[in-house]
Amino acid sequence: MFNKRIKIKELLLQPAGQKDIVVMGWVRTFRNNQFIALNDGSTNTNIQVVAPLGQFDDELLKRITTSASLKITGELVSSQGKGQSVELVAHTIEVLGESDAEKYPLQPKKHSLEFLREIAHLRFRTNTFGSVFRVRHALAFAIHQFFHEKGFLYMHTPIVTASDAEGAGEMFRVTTLPFDNPPRDENGAIDFKEDFFGRSTNLTVSGQLEGELGATAFGEIYTFGPTFRAENSNTTRHLAEFWMIEPEMAFSDLEDNMNLAESFIKYIIGFVMQHNMEDLTFLDQRLAEEEKQLPADKRSEMGLIDKLRFVLDNDFERITYTEAIDILLNSPAYKKKKFQYEVKWGIDMQSEHERYLVEKHFKKPVIVTNYPKDIKAFYMRQNDDGKTVAAMDILAPGIGEIVGGSQREERLALLTARMKDMHIAEEELWWYLDTRRFGTVPHAGFGLGFERMVLFVTGMTNIRDVIAFPRTPKSAEF
RNA sequence: UCCUCAGUAGCUCAGUUGGUUAGAGCAUCUGACUGUUAAUCAGAGGGUCACUGGUUCAAGUCCAGUCUGAGGAGCCA
């Protein structure tokens, strides 16, 4: 067996004096022809490997360059240097893979995030991306653990779908038809009956409708999978391919939904605070450094860890859409005409409005409920006032909308009437409507954009830096 | 998709009213030193100034278009 190594994260916790230690990793720096900072991705802290002078020949030492991969055997001893408590005195050094220093793009210096995005295949070897992706992993794990503990069933909804009824955004078409000469019907339109699935199909924009089918049998389900939007969005908050979490609960109303979302967000943040404090501390310092470059009024009031702790310790503010509009209308910003867009009941709130509520007025996450029905999706449950639906959005500081959800319309007559208003064909969604025909129940759910959550927790500011290989307009390298 | 800004060495950037052979720091290489923490010191190499076209005696610099990137907006998660 080749691998009997100890991971560096674990090794650093061991007492000095142990012999025959095996570590493997990649060289971060090689100082003074003697000191190798070795990293294996288990933690940002490197193990200092000491190659005593005269014990290794120059030919070998020359091959120890930045990002060369090494297998070291040696003895763990107390360090004579100040930067670390223990270090590994090497008995053998094996270069597993060389790294040509003239060609290797990552240098022992600070790089811009824009540059690192161009070498996304190597950026995991930096401290920032090491921390970001370990936190991302921890969040994903915590999500499964949260729902599992609550008895939710993890449901895999399809990636390829024929339904476009949700209207969540532009879709990527999935087809095997030839581009140059596709089959045509008698009207000259492309004949999708000839396509692979015998119909027009797309990549999913949401697993919600299928999720509701699961919830109305299992009670509680959640999905956690990739989602695709072909919107030409060029922002720090949008991806063409992103991961979404969509829980759906039978026998639940809007308040149950809000309670679930809030406890969910707190749980996964708490999990990361408990398990990834070293990475969070690094990211906290990174953010503080970054913000030193900004003018004083653009800096965050709280550091990253303080912000996360604050979210954990405080209830989210819960207001209705109508109250939100009132707050905006009575705000100093409105009176001073600071808003670019009009504020009145019925508008779809703009980023500037949401930012004001979250960052200026409440200074914490805000749940806005009961939006006007005309600006929301067909499946949301109509309230008794005839004007609003039982929707809820959670707005987070610095990110904006992080959760969108609602109680679903379970009353068949009301649902079909709404579909008719919005020109959605019933035949297309016969299977969805069946849940309302056979044992319908009050139910609710929400969608949470995973990368936006990772942004919030890591303090990163561009969504392209929290997914391994971002897909955005004009960009699908790697 | 719209608005704004940017593209000069491997990276981060400077480059004046258009004017001789385009610079710096870091990185890399060579040498020195050897308990260093992004080691230090000395020296060297390294450029299609994003691309295409135009104006001009002369363009990194001015103009037009294209491409790419960033920030903001819209759309949304």
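Any value given below was found using the heavy atoms of this structure, including those in side chains, with hydrogens, waters and symmetry copies removed. Residue numbering restarts at 1 for every chain, and letters A, B, ... go by the order of the sequence lines.
- Applying the 6.0 Å contact sphere to CZ of A:Phe141 captures no more than 12 heavy atoms from other residues, nucleotides or ligands.
- If you take CZ of A:Phe115 and P of B:A70, they are 14 Å apart, rounded to a whole angstrom.
- At the heavy-atom level, A:Glu114 lies under 4.0 Å from the strands shown only through sugar-phosphate atoms.
- Taking 4.0 angstrom as the limit, A:Arg31 places none of its side-chain polar atoms (N or O) nearer than this to OP1 or OP2 of B:C33.
- Among the atoms of the strands shown, only primed sugar atoms or phosphate atoms (P, OP1, OP2) are found under 4.0 Å from some heavy atom of A:Tyr341.
- Contact check, A:Asn234 against B:C3: no side-chain N or O comes under 4.0 Å of OP1 or OP2.
- Contact check for A:Leu209 versus A:Thr161: no side-chain heavy atoms found under the 4.5 Å cut-off.
- Contacts of A:Thr227 with the nucleic acid, taken as non-hydrogen atoms under 4.0 Å apart, are absent.
- Nucleic acid contact for A:Leu239: base, since at least one base atom lies under 4.0 Å from a heavy atom of the residue.
- Counting any heavy atom pair closer than 4.0 Å across all strands shown, A:Gln84 reaches a base atom.
- At a cut-off of 3.5 angstrom, counting only N and O atoms as typed in the model, there is a donor on one side and an acceptor on the other between the side-chain of A:Gln48 and the base of B:U36.
- In this structure, A:His144 places its NE2 atom where more than 12 heavy-atom neighbours from other residues, nucleotides or ligands lie under 6.0 Å away.
- Around atom CD of A:Glu255, no more than 12 heavy atoms belonging to other residues, nucleotides or ligands sit under 6.0 Å away.
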